[in-house]
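Accompanying notes for the structure given below.
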Amino acid sequence: MRLKEQINSADEQKSLKNGSGGSKRCFRGRENNIEDDNCSKDGASDIKSSKVLPKAKPNISEEASSSAKTMEASESLTGMRNDLSLTGQAPNSSNVRNRRPRSESKYKPEEWILPDKESDTLSQLNLAIVGHVDSGKSTLSGRLLHLLGRISQKQMHKYEKEAKLKGKGSFAYAWALDESAEERERGITMTVAVAYFDTKKHRVVLLDSPGHKDFVPNMIAGATQADAAILVLDACAGAFEAGFDNLKGQTREHARVLRGFGVEQVVVAVNKMDTVGYSKDRFDSIKQQVGTFLHSCRFRDSSLIWIPLSSMENQNLVTAPSDSRLSSWYRGPCLLDAIDSLKSPARDFTKPLLMPICDIVRTSKQGQVSAIGKLEAGAVRTGSKILVMPSGDVGTVRSLERDSRACSIARAGDNVAMTLQGIDASQVIAGGVLCHLDFPVLVATRLELTVLVLEGATPILIGSQLEFHVHHAKEAAIVVRIESLLDPKTGEATKMSPRCLTAKQSAILEVSLQGPVCVETFSESRALGRVFLRSLGRTVAMGKVTRVIQH
Ligand code: GTP
Ligand code: MG
């Protein structure tokens, strides 16, 4: 059963102290409490930190001695926003009060809110890296960052030495992203690591997600923020097949989650091509199988870029391949050029501010707290007053940090750490939403959803208990009504009040949530109206909020 667990600030303070380089945090969030999650069994639920970045200095041996520095750095937020976690702290009913009515008047954005095209030459691109466990996501990310000069030669040497010492030599690049001792020990990513680099067109925020099935909720946290994604496949004989397996693999679930969150553009990186001698036949076979599947998830062929590469042997990452076994037949772009060719999506600058809170960092200063997340609409600047939902408290933006650098304005699409002051820090929670004072987000416990039940899912009945996900919030849910089955093509009702829903069926249903969540209908805000239902460690349905019944 899922419990409502408040973030234990004493624990947080302790883990801040134990962290290294000011970038490490360890929250004990609700992952512990997911009924179907194995995480708690092995302690895997500690949600950490990250990452890369010039400023982070992850070094296990330095951890104990760096506590003072860490606190200092934490307060200045350096490196703070470099990780994501679906921490779980969904709004608790005790947090809900003072809901302001929405302003009847139409929102008119002030002039400063609209971006200055002259000075903003690079567009922001939030890029999630997803794929089955061990396909090489972190290695690919680390290698890319190293090639682009985001990880120094010296730092890289250090990772290599330490990884070798621990008998994990092949994980040296992954260590740049897998920063916690447990991740390194187990050789898996557990939370989303965030890093930054630029291409000619984009300021890229890289979200390296976990592939292990126990951490799908954390992967979802990354996917909710993604504008585009790299889906990493392991070309190795047997490994691709395991990852693509309908029941045991994560490739399909990750792709569905991406599509469910509206990600359209995907670079499919067929990694570890060195293990198959850069075989064109292997690449073509993988492309054919995954292509058919992605097509069935409604990804358009024109939005997919297929790239054979080897992170380990540095083939096709930032330059054309040098190995003739690959260059003899591959004529397409290298990974970096493919990323550069992605389109930055249109942003909702002209709507009122909406920022779902992905994570929070409490500092020792009273009345101050930092909220981390992606602005889905509108803009903020330092000094702005903002509404914290679901509590209804009002705070003032003391400082903003984007890409680990201080800035004075953040706009839709930006991934920021926002320090608020003049506020009761306990009211700012992951899963909550920061809003414009006059335009609060809705807070609800009963919703009408239009969903598609995924292939392989167990039937959904009236009374089924599910885990409900919307942006960074998660609540226990019960299906209270199944209104109608829908024709998946036309969307028209084909049967009223069915008793149960089975795989591949579309339906309108009503859920009652154990606690209130900040939510909008999908037509109002895509980011706050997209939902997932999970059960027994699997995503069973996805869809949208079509009506907020009770709030
Ligand atoms: P999770 O985050 O736990 O899902 O794993 P991951 O996808 O991040 O994989 P990771 O980068 O941790 O790499 C897993 C293993 O694959 C490591 O031993 C890497 O050295 C190896 N690996 C990664 N890329 C390549 C490659 O291009 N070729 C070969 N031969 N091995 C690779
Ligand atoms: Mg990884």
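Predicted model, so just to flag it, every value in this text is computed and none were measured. Start at 1 and go down the list; that is how both ligands and their atoms are numbered. Just so you know, these numbers use all the heavy atoms, side chains as well, and skip hydrogens, waters and symmetry mates.
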Notebook entry, point to check: In ligand 1, which numbered atoms sit nearer than 4.0 Å to a non-hydrogen atom of S311?
Noted result: 24 (N), 27 (O)
Note to self: I'd like to check whether G136 has a polar contact with ligand 1, where a contact means an N/O of the residue lying under 3.5 Å from an N/O of the ligand.
What the structure shows: yes
Check: Is the closest basic N to carboxylate O distance between K272 and D234 below 4.0 Å?
Finding: yes
Notebook entry, point to check: Using a heavy-atom cut-off of under 4.0 Å, does the side chain or the backbone of D134 touch ligand 1, or both, or neither?
Noted result: both
Notebook entry, point to check: Can you say whether the rings of F244 and F293 are parallel (under 30°), tilted (30 to 60°) or perpendicular (over 60°)?
Noted result: perpendicular
Next item on the list: Give the residue, atom name and distance (to 0.1 Å) of the protein heavy atom nearest atom 22 (N) of ligand 1.
Entry: K272 CE, 3.5 Å
Notebook entry, point to check: By side-chain contact (heavy atoms from CB on, under 4.5 Å), which residues pair with A412, not counting sequence neighbours?
Noted result: R347, F349
Notebook entry, point to check: Quick one: does ligand 1 sit under 4.0 Å from the side chain of T275, the backbone, both or neither, non-hydrogen atoms only?
Noted result: side chain
Next item on the list: Please determine if E313 has a nitrogen or oxygen closer than 3.5 Å to a nitrogen or oxygen of ligand 1.
Entry: no
Notebook entry, point to check: Which bit of D274 gets closer than 4.0 Å to ligand 1, counting heavy atoms only: side chain, backbone, both or neither?
Noted result: side chain
Next item on the list: Return yes when at least one N/O/S atom of T139 is nearer than 2.8 Å to the Mg ion (ligand 2), and no when none is.
Entry: no
Next item on the list: Inspect the contact between K166 and E162 and indicate whether a charged nitrogen and a carboxylate oxygen are less than 4.0 angstrom apart.
Entry: no
Margin query: Counting only heavy atoms, tell me which of H212, Q250, M190, K137 gets closest to atom 7 (O) of ligand 1.
Written below: K137
